[in-house]
Amino acid sequence: MLEEIAVNRCFGGWHRRYRHYSSTLRCTMVFAVYLPPQVESGTVPTLYWLSGLTCSDENFMQKAGAMRVAAELGIALVAPDTSPRGAGVPGDPAGAWDFGHGAGFYVNATQPPWVEHYRMHDYVVHELPELLEASLPVDTRRGIYGHSMGGHGALVCALRNPGRYRSLSALAPISHPLGSPWGQKAFSHYLGEDRAAWQAWDACALIARADERLPLLVDQGEADAFLAEQLQPELLRQACAAVGHPLRLRLHPGYDHSYYFIASFIDDHLRHHAAALFR
């Protein structure tokens with residue numbers, strides 16, 4: 001059951017925040033949805049945004065500037081949180097910003113104590129869409145995209161679940177978490193020390209054996225401080241080239257990792273998804 005906690009009129013549609021109990025994560029979660037004006041005459045497709053480290057639903061909805069074009073196109077935008085949260089949910093013992101609360105990495109944890117709550121993959125791919133499609137005027141035409149850790153999440157959600165999404169894109173994604181310090185830290189905790197098990201959550205590894213080849217749009221700022229060590233888009237380019245996976249990787253001089261970068265290119269991503277969602 002959804003509990004509405006905030007509502008705002010925007011570009012003829014509605015931004016709404018909801019709270020609900022997640023049986024997958026075994027805690028209460030908050031998410032936001034933008035419903036465009038077209039819901040007054042029927043259901044609309046849904047575009048799932050996965051945010052990066054430390055973020056919540058509010059970062060994207062308040063800073064990305066995506067609602068104007070979403071209203072024009074007739075697409076609902078959904079922004080879940082980046083991890084389970086709450087006093088009863090274990091986080092990083094040291095309080096690190098790149099692990100624990102706000103940093104679920106969109107995997108299904110297998111290691112205690114995180115295995116009890118940190119199953120963000122199943123939450124994003126299954127529980128949340130099923131809840132929304134049963135409760136709100138949205139249908140099963142789904143796209144997925146995200147930024148940084150959320151870009152990694154979007155790639156993995158689509159690659160692991162062929163047929164689930166019609167469209168896919170990412171902004172500054174962690175392309176190869178097996179080779180990223182952020183990914184290595186999170187995976188060693190959530191998934192254990194067996195690196196063979198990590199392959200199932202790495203986009204570059206998944207592309208090599210993907211059953212579906214959704215055209216992929218990736219934007220990356222060349223002034224991004226995390227580019228070389230954490231994001232490694234050239235490895236994604238190489239993985240796609242090796243198997244013929246359609247990729248449009250755009251590098252932008254002067255742009256960093258912030259929401260200024262996201263807001264600059266978000267319209268292109270919405271139109272990329274619309275082309276597939278309304279096909």
Side-chain angles (χ1 to χ4, degrees), residues 1-25 28-51 55-62 64-82 106 120-147 150 153-158 160-170 212 214 217 266-279:
M1 180 179 296
L2 296 179
E3 175 192 356
E4 187 175 87
I5 56 178
V7 59
N8 311 95
R9 189 75 163 161
C10 189
F11 293 108
W14 297 95
H15 164 264
R16 300 179 183 274
R17 294 187 83 211
Y18 292 100
R19 181 186 294 117
H20 76 107
Y21 180 80
S22 166
S23 58
T24 300
L25 304 177
T28 298
M29 294 292 287
V30 171
F31 69 90
V33 59
Y34 175 70
L35 296 173
Q38 290 84 348
V39 298
E40 295 179 8
S41 57
T43 63
V44 297
T46 312
L47 190 48
Y48 289 84
W49 170 266
L50 304 186
S51 290
C55 291
S56 70
D57 63 284
E58 294 180 288
N59 296 78
F60 177 76
M61 289 299 190
Q62 294 179 12
M67 296 182 200
R68 177 183 60 82
V69 172
E72 172 192 327
L73 296 172
I75 297 175
L77 307 176
V78 176
D81 205 342
T82 44
Y106 305 102
M120 285 298 293
H121 180 81
D122 281 356
Y123 175 72
V124 166
V125 173
H126 299 293
E127 183 180 11
L128 186 57
E130 289 167 9
L131 176 64
L132 296 186
E133 289 159 18
S135 307
L136 298 176
V138 299
D139 54 45
T140 59
R141 293 172 291 172
R142 310 178 195 97
I144 192 165
Y145 62 157
H147 171 240
L155 295 173
V156 169
C157 286
R160 286 174 57 100
N161 297 275
R164 187 74 175 166
Y165 303 98
R166 294 191 180 190
S167 57
L168 172 64
S169 74
E212 183 179 54
L214 292 177
L217 171 64
I266 198 67
D267 290 1
D268 291 349
H269 284 253
L270 292 174
R271 297 189 190 283
H272 165 82
H273 287 275
L277 291 170
F278 291 107
R279 183 176 299 128

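Owing to the predicted nature of the structure, the values given are computational and were not obtained by experimental measurement. Sequence positions, counted from 1, serve as the residue numbers for this chain.
The two residues Val124 and Cys157 make their nearest non-hydrogen contact at CG1-SG, 4.2 Å. Taking each heavy atom of Pro137 and Leu35 in turn, the nearest pair found is CD-CD1, 4.4 Å. Minimum interatomic distance between Pro162 and Glu212 (heavy atoms only, all atoms of both residues): CA-OE1, 3.4 Å. The minimum heavy-atom distance between Tyr123 and Leu25, with the atom names listed, is CG-CD1, 3.7 Å. Residues Ala66 and Leu270 approach most closely at O-CD1, 3.3 Å, considering heavy atoms. Between Ala64 and Ile266, the closest heavy-atom pair is O-CG2, 3.3 Å.
Remark: side-chain polar atoms of Arg19 are not paired, donor with acceptor, to backbone N or O of Glu4 under 3.5 angstrom. Of the possible polar contacts, none joining the Asn161 side chain to the Ala158 backbone as a donor-acceptor pair under 3.5 Å is found.
Separation of atoms CD (Glu3) and OH (Tyr21) is listed at 15.0 Å; rounding is to 0.5 Å. Taken to the nearest 0.5 Å, the CD1 atom of Ile144 stands 9.5 Å off from the OG atom of Ser169. Rounding to the nearest 0.5 Å gives a distance of 10.5 Å between CG of Leu50 and NE2 of His121. Rounded to the nearest 0.5 Å, atoms OG (Ser22) and CG (Asp81) are 11.5 Å apart. Atoms CE and SG, on Met61 and Cys10 in that order, are 9.5 Å from each other to the nearest 0.5 Å.
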Decide yes or no on side-chain contact (heavy atoms from CB on, under 4.5 Å) for Leu132 and Tyr48, but give the supporting numbers first. CA-CA 11 Å; Leu132 296 186; Tyr48 289 84; 3.8 Å; yes
Decide side-chain contact (heavy atoms from CB on, under 4.5 Å) for Asn8 and Trp14; before the verdict, give the C-alpha distance in whole Å, the side-chain angles of both, and the deciding distance to 0.1 Å. CA-CA 6 Å; Asn8 311 95; Trp14 297 95; over 6 Å; no
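No side-chain heavy atom of Asp122 sits under 4.5 Å from any side-chain heavy atom of Glu127. Tyr18 has its side chain within reach of Leu136: a pair of non-hydrogen atoms, C-beta onward, lies under 4.5 Å apart. Contact of the Leu47 side chain with the Tyr145 side chain is registered, since non-hydrogen atoms from C-beta on lie closer than 4.5 Å.
Remark: of the listed residues Leu2, Val7, Ile5, Val7 is the sole one forming a side chain to side chain contact (heavy atoms under 4.5 Å, CB included) with Arg16. Between Leu131 and the choices Met29, Met1, His20, His126, the side chain to side chain contact (heavy atoms under 4.5 Å, CB included) rule is met once, by His20.
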Distance-only criterion, 3.5 Å: show the donor-acceptor pairs between side-chain atoms of residues 67-79 and protein atoms not counting sequence neighbours.
from: Arg68; atom 1: NH2; to: Asp267; atom 2: OD2; distance (Å): 3.0
from: Glu72; atom 1: OE1; to: Arg271; atom 2: NH2; distance (Å): 3.4
from: Glu72; atom 1: OE2; to: Arg271; atom 2: NH1; distance (Å): 3.1
from: Glu72; atom 1: OE2; to: Arg271; atom 2: NH2; distance (Å): 3.4

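Ring pair Trp49/His147 is parallel by interplanar angle, where below 30° counts as parallel and above 60° as perpendicular.
Side chain to side chain, His273 and Asp268 fail the donor-acceptor criterion of an N or O pair below 3.5 Å.
We find that Arg142 and Glu133 are joined by a salt bridge, their nearest charged nitrogen and carboxylate oxygen being less than 4.0 Å apart.
Within the structure, side-chain hydrogen bond (donor to acceptor under 3.5 Å, both in side chains) contacts touching residues 29-46 (residues at least two apart or in different chains) are Thr43-Asp139.
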